[in-house]
Amino acid sequence: MNVNGKHYRTIWLKEDDPNTVQVIDQRFLPHDFVVEDLTTVDEVARAIKDMHIRGAGLIGAAAGYGMYISALHAPKNSEKIFLETLTSDGAKLKATRPTAINLEWAVQRQIDAITAARGINAKMQTAYSNAQAIADEDSDFCRRIGEHGLEIIREISRIKDGEAVNVLTHCNPGWLAFVDYGTAISPVYLAHDRAIKVHVWVDETRPRNQGARLTAWELGQHGVPHTVIPDNAGGHLMQNGMVDLVITGTDRTTYTGDAANKIGTYLKALAANDNGVPFYIALPSSTFDWQVRDGIKEIPIEQRDEEEVKYIAGLNDGEIKKVLLTPENSPAANYAFDVTPARLITGLITERGVCKASEEGVLALFPERRVPGNP
Ligand code: MRU
């Protein structure tokens, strides 16, 4: 997508140095646009863990490039040691964030492909081309998600006689969370580009404020009308007919349709259900967990540092400053995700189309997965 008129992805190989991965360092947005160089597996792992980069698709792509960097640095004199190094670097990358399944999916995809290639040179080439393929596929799938989601927005716009369609979203499921386009925001961009009037209610998304900082910035860069709201406002807006549909992303969705997403999503789904507002989850197939049936019991929920709850950062006198919000000694809890049960989800918007949030719905779109537990 565009930043000040120039096209960017969120992750790419440096033009004159393909051994360096470059990313947009999201810690500085919306106030500063900073590009970070990553040259070691430790740097990639830190960038994921400390959320220089974040969002399910992007951390999957970063893991793909991380494995490519691992291959660049792994000892080349023995295939066994080469593969052992990759496996241990893969474990390091996977340990950074537990909820978004794209991370382990991308590491495993790399390990499988590299293991299958014969000889060190072919393994190196595979690590490179597979990292690029993971990123390209993420971008392509997100674009297709946009096309399928667009039809939902188009239909609401038709019913409203062209009046603006009000979409509520939570966290940042836009292009910054993926390689390009995003998931939940991708249909919004397409609608806007095709002159369908659309307006987005942007949940601020405490504690890291991905909505207020990132989604609002993205939408602004693309010229999409939007309004940032406190996380607790959605129920009121829905009761008053000010939300036509909710679309969020997800970090892991079971093949039965339960969706883990940023903490607070479940409450939006409850409010949407109570008010008859359609509630969609948008995801690429890399975000499905084909092993887990019960999302509430089985999806691991990341718990992050209490500092993220107790402090808030923002621009003050031209400088980004962090201030304490709570009494210094009050403990805080920081559950990063919650799970919305399938029964509260109107549909899943995937790269193959829209389906019911149910085992039958998902497997009808992905028939090759019909034997759960056999990826
Ligand atoms: O903790 P984050 O910022 O990595 O959270 C992930 C997300 O971006 C959201 O949960 C998003 O809505 C899902 S779409 C990747």
Side-chain angles (χ1 to χ4, degrees), residues 10-11 23-27 29 47-63 96-106 138-139 141-142 145-146 149 167-188 200-219 231 234 246-253 258-269 279-289 295 299-305 308-309 334-340 345 348-351:
T10 51
I11 188 163
V23 294
I24 299 170
D25 189 338
Q26 301 187 17
R27 291 171 303 167
L29 289 172
I48 298 172
K49 190 167 183 46
D50 295 345
M51 294 174 70
H52 311 192
I53 49 178
R54 27 105 2 241
L58 175 53
I59 60 182
T96 52
R97 297 200 66 195
T99 303
I101 196 169
N102 301 58
L103 184 51
E104 60 184 77
W105 167 85
D138 184 84
S139 168
F141 284 6
C142 284
I145 286 167
V167 179
L168 184 142
T169 195
H170 191 67
C171 196
N172 173 252
W175 72 275
L176 287 168
F178 293 84
V179 173
D180 210 345
Y181 301 100
T183 51
I185 305 293
S186 183
V188 169
V200 183
W201 296 110
V202 179
D203 279 357
E204 63 176 344
T205 320
R206 283 280 294 147
R208 286 189 68 103
N209 302 301
Q210 290 96 325
R213 296 191 305 107
L214 306 175
T215 305
W217 180 78
E218 273 193 27
L219 291 168
D231 287 332
V246 180
I247 317 180
T248 77
T250 170
D251 301 86
R252 184 186 297 233
T253 289
D258 296 338
N261 194 48
K262 184 53 58 190
I263 192 80
T265 304
Y266 170 50
L267 292 176
K268 295 298 133 77
F279 181 97
Y280 287 92
I281 295 271
L283 73 160
S285 47
S286 51
T287 304
F288 278 112
D289 188 327
I299 294 179
I301 299 296
E302 177 181 9
Q303 290 189 53
R304 297 185 60 84
D305 199 306
E308 291 180 351
V309 177
N334 192 2
Y335 297 92
F337 300 93
D338 60 24
V339 176
T340 299
I345 300 169
L348 303 174
I349 309 171
T350 78
E351 75 270 13

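Throughout, numbering of the chain's residues begins at 1 and tracks the sequence. In each ligand, atom 1 is the first atom listed, and ligand 1 is the first ligand listed.
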Please produce the table of protein N or O atoms sitting under 3.5 Å from N or O atoms belonging to ligand 1, one pair a line, distance to 0.1 Å.
from: ligand 1; atom 1: 1 (O); to: Arg97; atom 2: NH1; distance (Å): 3.4
from: ligand 1; atom 1: 1 (O); to: Arg97; atom 2: NH2; distance (Å): 2.7
from: ligand 1; atom 1: 1 (O); to: Lys262; atom 2: NZ; distance (Å): 2.6
from: ligand 1; atom 1: 3 (O); to: Arg54; atom 2: NE; distance (Å): 2.7
from: ligand 1; atom 1: 3 (O); to: Arg54; atom 2: NH2; distance (Å): 3.4
from: ligand 1; atom 1: 3 (O); to: Gln210; atom 2: NE2; distance (Å): 2.8
from: ligand 1; atom 1: 4 (O); to: Gly55; atom 2: N; distance (Å): 3.0
from: ligand 1; atom 1: 4 (O); to: Arg97; atom 2: NH1; distance (Å): 2.7
from: ligand 1; atom 1: 8 (O); to: Arg54; atom 2: NH2; distance (Å): 2.5
from: ligand 1; atom 1: 8 (O); to: Asn172; atom 2: O; distance (Å): 3.3
from: ligand 1; atom 1: 10 (O); to: Asp251; atom 2: OD1; distance (Å): 2.6
from: ligand 1; atom 1: 10 (O); to: Asn261; atom 2: OD1; distance (Å): 2.9
from: ligand 1; atom 1: 10 (O); to: Lys262; atom 2: N; distance (Å): 3.2
from: ligand 1; atom 1: 12 (O); to: Asn261; atom 2: OD1; distance (Å): 2.9
from: ligand 1; atom 1: 12 (O); to: Asn261; atom 2: ND2; distance (Å): 3.4

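Under the salt bridge (charged side-chain N to carboxylate O under 4.0 Å, His left out) criterion, Glu351 pairs with no residue, sequence neighbours left out. Among residues two or more places apart in sequence or in another chain, the side chain to side chain donor-acceptor pair (under 3.5 Å) test is passed with Thr215 by Asn172. With sequence neighbours excluded, no residue satisfies ring pair (Phe, Tyr, Trp, His ring centres under 6.0 Å) with Trp217.
Of the charged side-chain nitrogens involved, none lies within less than 4.0 Å of a carboxylate oxygen, so that Arg206 and Glu204 do not count as a salt-bridged pair.
Gln26 has its side chain within reach of Leu58: a pair of non-hydrogen atoms, C-beta onward, lies under 4.5 Å apart. Using a 4.5 Å heavy-atom threshold, the side chains of Thr350 and Leu283 count as touching.
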